[in-house]
Amino acid sequence: MGTSVFVVGIPLARLTVIVHPSLARTCKAKKTGRLRAKLKDDDDPLLQAAIHGASLRFQETFRPEPLFIDPYVGCFLPPNVEKDMEQYPPHYCLATKFIDDKLLSTMNHIDGLKQVVLLTDGMDTRPYRLSWPTSTIIFDISPESVFKRAAQKLEGVGAKIPKSCLFLHVPLESSDIQEILRRKGFNGNRPSIWVFQGLSVMTLADFDKLVSIVSSLAMKGCLFLGELPVWLAESEVGSKSSTKRWMDKLFMSNGFKVEMIHYGEVATNLGKELASSECEYILFVAEHLRFSDDQMETWRREFQRIEEDADEDGFEEL
């Protein structure tokens, strides 16, 4: 039976998407029926990539049996968008569903997990469309220009964050992302969960820097999940056969134990077929094995206090 869907803010015509190849998703799936978007006035590749991702979520929303429903994604797209369905969901939508489910299941099973950090393209609607636990604080790290544009569109269609939750933005261009997160209330002595999807990285060094930031802020045991482009690995190792070793090395050097998730397994678990076995993205879940900087500082102060107390006791005995 089909699913009735209401999407806010859009009468829906075929779009022609012009997306920078280094930023846009280029999964090797069937091209027939793929929603495309043509940006007339905006040639910013970051904006184009964000709208491309939004177009995939829009198309998924209107499938007869969608993996998820994004009721706000239509406000990002030009008017007169035609719903032109493919037979199988793209890898991006499988990853989106996997991340949605992993996010909420983890938060509902870990006491005190109220901090979510989303590293996104600026048009991630998870803060608005997911059922967050009470008192969740959601941080979005994304390009400022794209985020501001998206926020205006979402406000225009009446999208609201749950009243019991807090949503805060940190511009990707910030000179010190760690410091701004702390100033906005992030606490490295409390559990958190981190998601990487949609955020464009230009070099391996850029991604490594982001993983290092997560490692510094996340408590031991916290999860970091998402998907990253295969070309990051291939630029380093030269072949897909070495990707697993490269992933292990990259993440372990920053204190994470990583597991690669196969899209085919995700599709099977959801009762779907995979359009293609090859995709230029890697889906992953990583567990942090180190203590955060805040944890280390807390314990350093405690040890210092214990030593000072011991010195005072020894002096009194003399």
Side-chain angles (χ1 to χ4, degrees), residues 99 102-120 124 126-127 130 132-142 165-199 201 204-228 232 246-261 282-308:
I99 292 168
K102 189 69 174 179
L103 255 177
L104 295 181
S105 65
T106 301
M107 295 194 71
N108 289 326
H109 286 88
I110 297 181
D111 292 337
L113 177 50
K114 300 293 185 181
Q115 298 182 118
V116 179
V117 185
L118 306 174
L119 298 106
T120 78
D124 194 324
R126 286 188 175 97
L130 295 186
W132 299 104
T134 301
S135 302
T136 298
I137 304 175
I138 308 161
F139 301 90
D140 180 289
I141 301 174
S142 61
C165 300
L166 183 63
F167 182 37
L168 302 166
H169 181 244
V170 176
L172 178 64
E173 302 83 358
S174 303
S175 59
D176 192 336
I177 290 176
Q178 292 187 54
E179 178 58 27
I180 293 179
L181 277 169
R182 289 191 176 103
R183 274 187 298 176
K184 287 180 176 285
F186 184 88
N187 189 335
N189 282 311
R190 295 176 181 172
S192 58
I193 186 167
W194 300 67
V195 170
F196 183 90
Q197 189 185 35
L199 184 65
V201 290
L204 176 59
D206 290 338
F207 183 71
D208 187 56
K209 181 178 179 180
L210 287 172
V211 179
S212 178
I213 290 173
V214 179
S215 181
S216 296
L217 293 171
M219 283 182 63
K220 183 178 180 181
C222 290
L223 294 185
F224 178 33
L225 63 148
E227 53 175 1
L228 65 148
L232 282 177
W246 174 83
M247 288 279 289
D248 288 339
K249 180 180 178 181
L250 172 65
F251 279 87
M252 187 56 72
S253 68
N254 287 288
F256 287 93
K257 178 182 179 182
V258 67
E259 177 185 4
M260 294 173 60
I261 309 298
I282 303 168
L283 187 59
F284 69 90
V285 176
E287 179 183 357
H288 197 212
L289 305 178
R290 296 177 183 171
F291 297 111
S292 69
D293 289 353
D294 285 351
Q295 285 180 297
M296 295 298 292
E297 177 62 17
T298 297
W299 288 330
R300 185 194 67 79
R301 291 176 180 176
E302 181 63 16
F303 291 149
Q304 183 178 7
R305 183 191 65 79
I306 292 172
E307 289 180 351
E308 290 174 352

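What you see is a predicted model; the values in this text were computed from it and never measured.
- Ser216 approaches Gln178 most closely through the heavy-atom pair CB-OE1, 3.5 Å.
- For the atom pair CG (Leu199) and CG (Leu210), the distance works out to 6.0 Å, reported to the nearest 0.5 Å.
- Nearest heavy-atom pair, Gly185 versus Phe139, reported as atom, atom and distance to 0.1 Å: C-CZ, 4.1 Å.
- Remark: Met247 CE to Leu228 CG distance equals 5.0 Å, nearest 0.5 Å.
- Residues passing the side-chain contact (heavy atoms from CB on, under 4.5 Å) test with Asp111, sequence neighbours excluded: none.
- Counting heavy atoms from C-beta on, the side chains of Pro133 and Lys114 come closer than 4.5 Å.
- In terms of heavy-atom proximity, Gly112 sits nearest to Pro191 at O-CD, 3.7 Å.
- Shown are Phe284, Phe196, Trp246; of these, the ring pair (Phe, Tyr, Trp, His ring centres under 6.0 Å) with Phe251 is made only by Phe284.
- Partners of Arg301 by salt bridge (Lys or Arg N to Asp or Glu O under 4.0 Å), not counting sequence neighbours, listed by chain and number: Glu297.
- Contacts of Ser212 classified as side-chain contact (heavy atoms from CB on, under 4.5 Å), with partners at least two apart in sequence or in another chain: Asn254.
- Taking each heavy atom of Gly226 and Ile99 in turn, the nearest pair found is CA-CD1, 3.8 Å.
- From Lys220, atom NZ reaches atom CZ of Arg290 across 12.0 Å, with rounding to the nearest 0.5 Å.
- We find the CG-CE distance between Asp294 and Met219 to be 10.0 Å, quoted to the nearest 0.5 Å.
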So Val195 and Leu225, side-chain contact (heavy atoms from CB on, under 4.5 Å) or not? Walk me through it. CA-CA 5 Å; Val195 170; Leu225 63 148; 4.2 Å; yes

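- In this structure, CG in Leu217 is found 11.5 Å from CD in Gln295, a value given to the nearest 0.5 Å.
- Between Phe224 and Phe207, the ring planes lie parallel to each other; the angle is under 30°, not in the 30° to 60° tilted range.
- Here the closest heavy-atom approach between residue Val170 and residue Lys184 is recorded as CG2-CD, 3.8 Å.
- In plain terms, the two heavy atoms of Lys102 and Ser105 that are nearest each other are O-OG, 3.2 Å.
- For Trp132 (side chain) and Arg126 (main-chain N/O), a donor-acceptor pair under 3.5 Å exists by modelled atom type.
- Residues Leu181 and Ile141 meet the side-chain proximity criterion, which asks for heavy atoms closer than 4.5 Å.
- Side-chain N or O atoms of Ser292 include one that pairs as donor or acceptor with a backbone N or O of Gly188 at under 3.5 Å.
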Check the pair Arg182 / Asp293 against side-chain contact (heavy atoms from CB on, under 4.5 Å), numbers first and verdict last. CA-CA 12 Å; Arg182 289 191 176 103; Asp293 289 353; 3.9 Å; yes

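- Summarising the geometry, atom CG belonging to Asp208 is positioned 10.0 Å from atom OG belonging to Ser215; distances are rounded to the nearest 0.5 Å.
- In the displayed structure, Met260 atom CE is contacted under 6.0 Å by more than 12 heavy atoms of other residues, nucleotides or ligands.
- Of the listed residues (Ile193, Ile138, Asn187), just one forms a side chain to side chain contact (heavy atoms under 4.5 Å, CB included) with Gln115, and that residue is Asn187.
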